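This report concerns only the one structure given below.
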Amino acid sequence: MRPNTPHAVFTLEHSVFEGGHFYATSTIRDTLYGLIHCFVVERYISNTSHGASRFLLRQMLAFYHTALVKGEVERDGESTAWAHVPNLETMDGFKELLTVCYLGVLMNVLDFETYSYPGQEPGAALTLKQEQRHMLHDYNTMSLLNRLACTHARGLALDLLEWVECNYELRETIPGESAVIKDMHSVFALAMNRLCLSLMLYKQLAQQQSIEGAPNCTLEAIRMQLRDIFPAEHYLQVGIDQAIVHIYSTEEYDSLDASMSLDIDLDEDFLYFTVPHLSAWTPRTPWNSMDNPWTFNLMVYFLLL
């Protein structure tokens, strides 16, 4: 059964069931839709959440990074691992990789533990001091290991996006004219903008109908998580911040389509071409290096707590 598929179990007598889940590259976009649906309206459409599954998504991201950026997965030979890598010469493959990267970027935002203070019951009020620690310092039920894993996932996602920009061109076909080369950063930022805007609009509509999702999660809490993912000048953060401005502007909100898609929305007339050695590829600072200020600050934060 594909992900994000409505289903129910019916038996003629009392029964005990055992099942499982797996992720596939070919259906990862449906996985994104399902994860967001469960995050926003979890108690309305599901009887449980699968927080442990995030580990598998991070493993997928790490595998793509190993295969594409590091080049450590054989394309030929007896290994069949390469068959699971998205084909970046097709729009479907491009969207599949982009989806996994954006799941990596939003891993912390879509984690249920992000929105609850340690020991807080669903819907329970916090003391003033607890509220300050939770809102100002992002103190929540996520473990140190999980936070570092989310940081690692964001780093891998950024590496993959930069690698794609260095090795591929995205061209828009215009009838009767030469193909126009699209700026990759603009495309990445626009897709992220639309995804975050749809997420926040969805949450806003759910709140208006009193439909509960992740415990203690509100539209304002999502906004606070989104606004500090990257430095303000980063191209992805610019796209995210524009989405935040739109959702909090009454004038803009009135013009929004309530049926906005959660898909990685790109025009279907794009063609994607391989361009070897488009530009030099320079790996980022290792995520666990003490020279990386983000990692160092995160470690200091937990030591202070």
Side-chain angles (χ1 to χ4, degrees), residues 2-8 27-51 53-54 57 95 98-99 102-117 120-126 131 134-135 138 140 188-229 236-267:
R2 293 178 66 91
N4 195 39
T5 301
H7 61 279
T27 61
I28 195 64
R29 288 156 64 188
D30 289 314
T31 294
L32 170 66
Y33 314 150
L35 286 174
I36 293 180
H37 285 315
C38 289
F39 173 75
V40 176
V41 293
E42 185 246 352
R43 297 187 181 184
Y44 186 73
I45 64 172
S46 178
N47 60 355
T48 186
S49 61
H50 302 281
S53 66
R54 305 302 190 270
L57 291 172
K95 288 185 177 183
L98 206 58
T99 298
Y102 285 174
L103 279 171
V105 169
L106 298 177
M107 192 71 66
N108 191 93
V109 177
L110 297 178
D111 194 307
F112 282 36
E113 294 183 338
T114 297
Y115 302 94
S116 293
Y117 190 84
Q120 181 185 11
E121 295 294 328
L126 299 176
E131 183 73 18
H134 184 54
M135 301 300 289
D138 198 28
N140 53 44
F188 294 157
L190 177 61
M192 176 62 82
N193 170 276
R194 291 175 175 176
L195 178 59
C196 292
L197 185 59
S198 296
L199 169 63
M200 289 187 289
L201 177 59
Y202 191 7
K203 182 61 180 180
Q204 190 169 54
L205 294 175
Q207 284 188 175
Q208 292 172 356
Q209 300 177 50
S210 300
I211 299 176
E212 296 183 19
N216 305 311
C217 176
T218 64
L219 176 63
E220 175 62 15
I222 293 176
R223 182 191 70 84
M224 293 188 65
Q225 291 296 322
L226 288 174
R227 71 180 184 179
D228 292 326
I229 295 178
L236 286 180
Q237 190 64 50
V238 171
I240 294 171
D241 289 344
Q242 289 174 349
I244 293 174
V245 170
H246 286 322
I247 203 69
Y248 278 85
S249 170
T250 303
E251 185 176 314
E252 292 285 353
Y253 174 73
D254 291 341
S255 66
L256 291 176
D257 181 3
S259 64
M260 286 186 68
S261 172
L262 295 172
D263 193 10
I264 300 298
D265 191 11
L266 296 174
D267 295 333

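Small disclaimer: the values here were computed from a predicted structure and weren't measured.
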- Query: Is the backbone N or O of Phe188 less than 3.5 Å from a side-chain atom of Tyr102, with the two atoms forming a donor-acceptor pair by type?
  - Reply: yes
- Donor-acceptor pair, side chain of Thr27 and main chain of Asp30, under 3.5 angstrom: no
- Task: Work out which heavy atom in Thr218 is nearest to a heavy atom in Gln207; give both atom names and the distance.
- Result: CA-OE1, 3.1 Å
- Measure across Ala206 and Val41 and return the closest heavy-atom pair with its distance rounded to 0.1 Å. CB-CG1, 4.0 Å
Between [Y] and [X], is there a side-chain heavy-atom distance shorter than 4.5 Å?
| X | Y | answer |
| --- | --- | --- |
| Leu197 | Ile244 | no |
| Gln120 | Pro215 | no |
| Leu205 | Ile211 | no |
| Ile36 | Tyr202 | yes |
| Leu199 | Val40 | yes |
| Asn216 | Leu126 | no |
| Ile28 | Leu103 | yes |

- Item | Aromatic ring proximity Tyr115/Phe39, centre distance under 6.0 Å | yes
Roughly how far apart are [X] [atom1] and [Y] [atom2], rounded to 0.5 Å?
| X | Y | atom1 | atom2 | answer |
| --- | --- | --- | --- | --- |
| Arg29 | Arg2 | CZ | CZ | 9.5 Å |
| Ile240 | Met192 | CD1 | CE | 4.5 Å |
| Cys38 | Tyr33 | SG | OH | 15.0 Å |
| Cys217 | Glu212 | SG | CD | 11.0 Å |
| Lys203 | Met200 | NZ | CE | 13.0 Å |
| Gln242 | Cys196 | CD | SG | 11.5 Å |

- In Asp111, Asn108, Thr114, the residue satisfying side chain to side chain donor-acceptor pair (under 3.5 Å) with Gln225 is Asn108
- Item | Non-neighbouring partners of Gln237 that pass side-chain hydrogen bond (donor to acceptor under 3.5 Å, both in side chains), sequence neighbours left out | Asp241
- Applying side-chain hydrogen bond (donor to acceptor under 3.5 Å, both in side chains), name anything that partners Asn193, two or more places apart in sequence or on another chain. none
- Item | Counterpart residues, salt bridge (Lys or Arg N to Asp or Glu O under 4.0 Å), relative to Glu220 (two or more places apart) | Arg223
- Task: Test side-chain contact (heavy atoms from CB on, under 4.5 Å) on Asp138 and Met224 and set out the steps.
- Result: CA-CA 9 Å; Asp138 198 28; Met224 293 188 65; over 6 Å; no
